Amino acid sequence: MEENLSADIVTLIDDEGIEREFEVLDFIENSKGRFYALMPNFDLPDENLNKEETYFIFQVIEENNEEQLIEVYDDELLDELSEEFEKRLESNY
C-alpha cells in the first residue's frame with residue numbers, strides 16, 4: 001500500500017509584503033514557547049545558502065487573538081532550538 005503524505009505548507013508575508021511558502025519540518029513546545037522549523041519552498045536569493053539544508057526557526061505568538069510567527073532573535077535560544085531540531089530531524093530521516 002502506497003502512502004500519500006503531503007507536506008504541511010504555511011504562507012508567511014515578509015516585511016515587504018511578499019508571500020512566501022514554507023514547508024513545516026517540525027514543531028517544538030517547551031517552557032520558552034512554541035516554535036516551528038520551516039524550510040523555504042521558494043528560491044533563496046543568497047547563493048551561499050544550501051537550499052536543501054536551510055531552515056528557519058519561528059516562534060508562535062498570539063496577537064489580537066490570532067497566532068502569528070515571528071523570527072527568533074535571541075542567539076542563545078536560537079542555538080538551543082537549532083540543536084534540538086537537528087536531533088529530531090536526524091532521528092526522523
Side-chain angles (χ1 to χ4, degrees):
M1 180 197 305
E2 183 178 321
E3 270 189 61
N4 243 351
L5 298 177
S6 61
D8 289 334
I9 303 293
V10 295
T11 302
L12 303 180
I13 301 172
D14 68 14
D15 293 339
E16 298 169 2
I18 299 171
E19 290 186 359
R20 307 274 189 193
E21 286 188 347
F22 292 84
E23 179 181 344
V24 177
L25 297 176
D26 201 358
F27 177 80
I28 291 175
E29 186 167 3
N30 61 26
S31 63
K32 296 178 183 176
R34 298 181 299 155
F35 304 92
Y36 279 98
L38 304 177
M39 183 169 48
N41 205 15
F42 57 91
D43 289 331
L44 296 168
D46 188 341
E47 295 173 6
N48 296 320
L49 295 175
N50 182 337
K51 293 178 177 112
E52 285 78 38
E53 295 180 7
T54 298
Y55 67 92
F56 299 94
I57 297 174
F58 290 93
Q59 182 172 12
V60 179
I61 63 163
E62 195 160 316
E63 189 172 289
N64 300 324
N65 294 326
E66 192 174 299
E67 284 188 349
Q68 297 193 19
L69 299 179
I70 60 168
E71 292 180 64
V72 176
Y73 291 106
D74 180 326
D75 288 338
E76 187 175 314
L77 176 59
L78 194 57
D79 288 343
E80 179 184 317
L81 291 167
S82 295
E83 187 175 310
E84 187 169 345
F85 276 124
E86 292 291 327
K87 286 179 189 175
R88 292 166 59 113
L89 291 172
E90 284 176 15
S91 69
N92 289 334
Y93 292 105

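Computed from a prediction, not measured in an experiment: that's the story for all the values here.
- Asp14 places a side-chain N or O within donor-acceptor distance of the main-chain N or O of Glu16, the cut-off being under 3.5 Å.
- With Tyr36 as reference, Phe27 is the one residue of Phe27, Phe58, Phe22 to meet the ring-ring contact (aromatic ring centres under 6.0 Å, His included) rule.
- Between Glu21 and Thr11, the shortest heavy-atom contact is CG-OG1, 3.8 Å.
- There is no path of hydrophobic side-chain contacts, each under 4.5 Å, that joins Ile61 to Ile57.
- When side chains are defined from C-beta on, Val24 does not count as touching Ile9, because their heavy atoms never get closer than 4.5 Å.
- The distance from the CZ atom of Phe35 to the CG atom of Leu69 is 11.5 Å, given to the nearest 0.5 Å.
- Of all non-hydrogen atoms in Lys32 and Gln59, the two that sit nearest each other are O-NE2, 3.5 Å.
- Heavy atoms from other residues, nucleotides or ligands lying under 6.0 Å from CD of Glu29 number more than 12.
- With sequence neighbours left out, Phe85 forms a ring-ring contact (aromatic ring centres under 6.0 Å, His included) with no residue at all.
- In this structure, CG in Asp26 is found 8.5 Å from CD in Glu84, a value given to the nearest 0.5 Å.
- We find the CD-CG distance between Glu19 and Leu12 to be 9.5 Å, quoted to the nearest 0.5 Å.
- Side-chain contact annotation: Glu86 with Tyr55, donor-acceptor N/O pair under 3.5 Å present.
- The neighbour count for Glu62 CD, taken as heavy atoms of other residues, nucleotides or ligands under 6.0 Å away, is above 12.
- Within the model, atoms CG of Leu25 and CG of Leu38 stand 7.0 Å from one another, a figure rounded to the nearest 0.5 Å.
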